[in-house]
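Everything on this sheet refers to the single structure shown next.
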Amino acid sequence: MTKGFITVATGKEQYYEIARNLLRSYRFTTQNALPFAVLCEEENEYTKEFDVVKVYPKATRSYLDKLEMFDLLPFDINIFIDADCLCFSDINRLFDIFENADDFCCYGRVLPLEDKTGWFEYENLNEDLQKQIDYVVGLHGGIYYIRRTEKAKKVFDTAKEFTKNYADYKFKGKFETPGDEPVVALSMAVNKCKPIPHEISSLVCWWEFENAFKLDITNRHAYCHPLNTKTDIVHWGTRFTKSIPYLKEMAALNLTINNASSKEIKKSNKYYDGLFFKQRINTFKNRVINKIKRTLKKV
């Protein structure tokens, strides 16, 4: 049985760059790296570093490209990771975590039918769908575990069908185009696949605890203070891949990969720490100014 990791990069150059960043972070933090594939719109300078490159026949440049993964799966057992993630320690253990999971799986929650916190609500489904499901699904789409089987294929095919009348289901989430997580959640319920409980030691979202991390990718360390835990993967969210903390970690990683001296790495870290300090000062000043303006308007 072959196994490996995959990510998706389509559209803007930024998405290819962050996909390569994910790859580099994986190889740096993993002692025995497995094959890593990229599913993309075109081959370019960024895709050259991947072990396997698969080109979409017709990319949508949206979340829905994730729903077209099945026909391009390069391995018998695949773990998809969003390109806007960085690895801070060995993530090969994910294959052990999901070993006894369904053929399609992810981190999430199995919820009762009356629950209102999942990606869909039972009462918003038509009568036919209501008869097919026994639970509501809440999930995180940053990681998908996929075996190359007919059951997993059905999850993708059913999810794609739900995108055709996306608005009818009143899915949760504010997506500019149909999001993969809501339709995958409903498809998992229909096809009797369940997520497994979220292990924060393997994945934490940056946007949920912004600036509450202690990060040092060169020493394979990511610690989230509010959760009091180290984590293997930080899921940044695309907009935060332009943030100073992300850029700092990637600068340090690339310098290390290129055998830069510890002095050069420290100089780089100091530069980004300075930028981050100035940013926080400016943010504080703007808050004070805006508060003064609001107060004056009330006078």
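Note that the coordinates shown come from a computational prediction; the quantities given were computed from them, not determined experimentally.
- Counting only N and O atoms by type, the side chains of Tyr223 and Asn228 include a donor and acceptor under 3.5 Å apart.
- In terms of heavy atoms, Cys193 sits closest to Phe104 at CB-O, 3.6 Å.
- Under the 4.0 Å criterion applied to side-chain N and carboxylate O atoms, Glu68 and Lys160 are assigned as salt-bridge partners.
- Counting all heavy atoms, side chain and backbone alike, Val110 lies closest to Pro195 at CG2-CD, 3.7 Å.
- No more than 12 heavy atoms of other residues, nucleotides or ligands sit less than 6.0 Å from atom NZ of Lys266.
- If you take CZ on Phe5 and CZ on Arg27, they are separated by 12.0 Å, rounding to the nearest 0.5 Å.
- Lys172 places a side-chain heavy atom less than 4.5 Å from the side chain of Trp119.
- Closest approach of Val155 to Asn191, counting heavy atoms only: CA-ND2, 3.8 Å.
- The pair Asp134-Lys194 does not meet the salt-bridge criterion, since no charged nitrogen lies less than 4.0 angstrom from a carboxylate oxygen.
- Between the Arg220 side chain and the Phe28 main chain, a donor and an acceptor come within less than 3.5 Å of each other.
- One hydrophobic cluster holds both Ile77 and Ile97 under the rule that ILVMFWY side chains link at heavy-atom gaps under 4.5 Å.
- When every heavy atom of Ser62 is checked against every heavy atom of Thr10, the shortest pair comes out as N-OG1, 4.5 Å.
- For Asn21 and Glu17, the side-chain atoms include no donor-acceptor pair closer than 3.5 Å.
- Applying side chain to side chain contact (heavy atoms under 4.5 Å, CB included) to Ile233 and the options Leu86, Leu22, Ile91 leaves one that passes, Ile91.
- A salt bridge between Lys66 and Asp82 is present, with a side-chain N of the basic residue lying under 4.0 Å from a carboxylate O of the acidic one.
- Of the possible polar contacts, none joining the Ser268 side chain to the Glu264 backbone as a donor-acceptor pair under 3.5 Å is found.
- Placement of Leu73 and Met188 within a single hydrophobic cluster is found when ILVMFWY residues are connected by side-chain heavy-atom separations under 4.5 Å, directly or transitively.
- Distance check: Asn254 CG to Ser25 OG gives 10.5 Å after rounding to the nearest 0.5 Å.
- In terms of modelled atom types and a separation under 3.5 Å, the side chain of Tyr15 and the main chain of Cys40 share no donor-acceptor contact.
- Between the side chain of Asp65 and the main chain of Thr60, a donor-acceptor pair closer than 3.5 Å is present.
- Interatomic distance, NZ of Lys248 versus OG of Ser243, reported as 11.5 Å (0.5 Å rounding).
- The neighbour count for Lys116 NZ, taken as heavy atoms of other residues, nucleotides or ligands under 6.0 Å away, is above 12.
- Between Phe162 and Pro178, the closest side-chain pair of non-hydrogen atoms is not below 4.5 Å.
- Under a hydrophobic clustering in which Ile, Leu, Val, Met, Phe, Trp and Tyr are joined whenever their side-chain heavy atoms come within less than 4.5 Å, directly or via other members, Leu125 and Tyr135 fall into the same cluster.
- With salt bridges taken as basic N to acidic carboxylate O contacts below 4.0 Å, one links Arg93 and Asp232.
- One finds the OG1 atom of Thr238 at 9.5 Å from the OH atom of Tyr246 (value rounded to the nearest 0.5 Å).
- The closest side-chain donor-acceptor pair between Glu13 and Tyr46 falls under 3.5 angstrom.
- In this structure a side-chain-to-backbone donor-acceptor pair under 3.5 Å is present from Tyr16 to Glu42.
- Taking a cutoff of 4.0 Å between a charged side-chain nitrogen and a carboxylate oxygen, Lys170 and Glu121 do not qualify as a salt bridge.
- Of the possible polar contacts, none joining the Gln132 side chain to the Val190 backbone as a donor-acceptor pair under 3.5 Å is found.
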Please lay out, stage by stage, how Tyr107 and Tyr145 fare under the test ring pair (Phe, Tyr, Trp, His ring centres under 6.0 Å).
CA-CA 9 Å; Tyr107 283 135; Tyr145 176 83; over 10 Å; no
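- Taken together through direct or relayed side-chain contacts under 4.5 Å among Ile, Leu, Val, Met, Phe, Trp and Tyr, Val53 and Ile79 form part of one hydrophobic cluster.
- With hydrogens and angles ignored, the 3.5 Å screen pairs no side-chain donor or acceptor of Tyr122 with any backbone N or O of Pro112.
- To the nearest 0.5 Å, atoms NZ (Lys154) and CD (Glu161) are separated by 14.0 Å.
- Placement of Ile6 and Ile18 in two distinct hydrophobic clusters is found when ILVMFWY residues are connected by side-chain heavy-atom separations under 4.5 Å, directly or transitively.
- For Lys12, the NZ atom counts as loosely surrounded, since its 6.0 Å shell holds 12 or fewer non-hydrogen atoms of other residues, nucleotides or ligands.
- Tyr166 and Phe171 have tilted rings, their planes meeting at an angle from 30° to 60° on a 0 to 90° scale.
- For the pair Glu127 and Lys131, the salt-bridge criterion is met [side-chain N within less than 4.0 Å of a carboxylate O].
- Annotation: the span from Leu64 atom CG to Thr163 atom OG1 amounts to 5.5 Å, rounded to 0.5 Å.
- Side-chain atoms of Thr7 come within 3.5 Å of backbone atoms of Ala83 as a donor-acceptor pair (strictly under, hydrogens ignored).
- Remark: Phe209 CZ is packed, more than 12 non-hydrogen atoms of other residues, nucleotides or ligands lying under 6.0 Å away.
- Taking the six-membered ring where the residue is Trp, His235 and Trp207 present perpendicular rings, their angle passing 60° and hence far from 30°.
- Panel note: side chain Asn92, backbone Asn32; a donor-acceptor pair is recorded below 3.5 Å.
- Looking only at side-chain heavy atoms (C-beta outward), Ile289 and Ile292 stay at 4.5 Å or farther from each other.
- Side-chain atoms of Thr2 never come within 3.5 Å of backbone atoms of Phe75 as a donor-acceptor pair (strictly under, hydrogens ignored).
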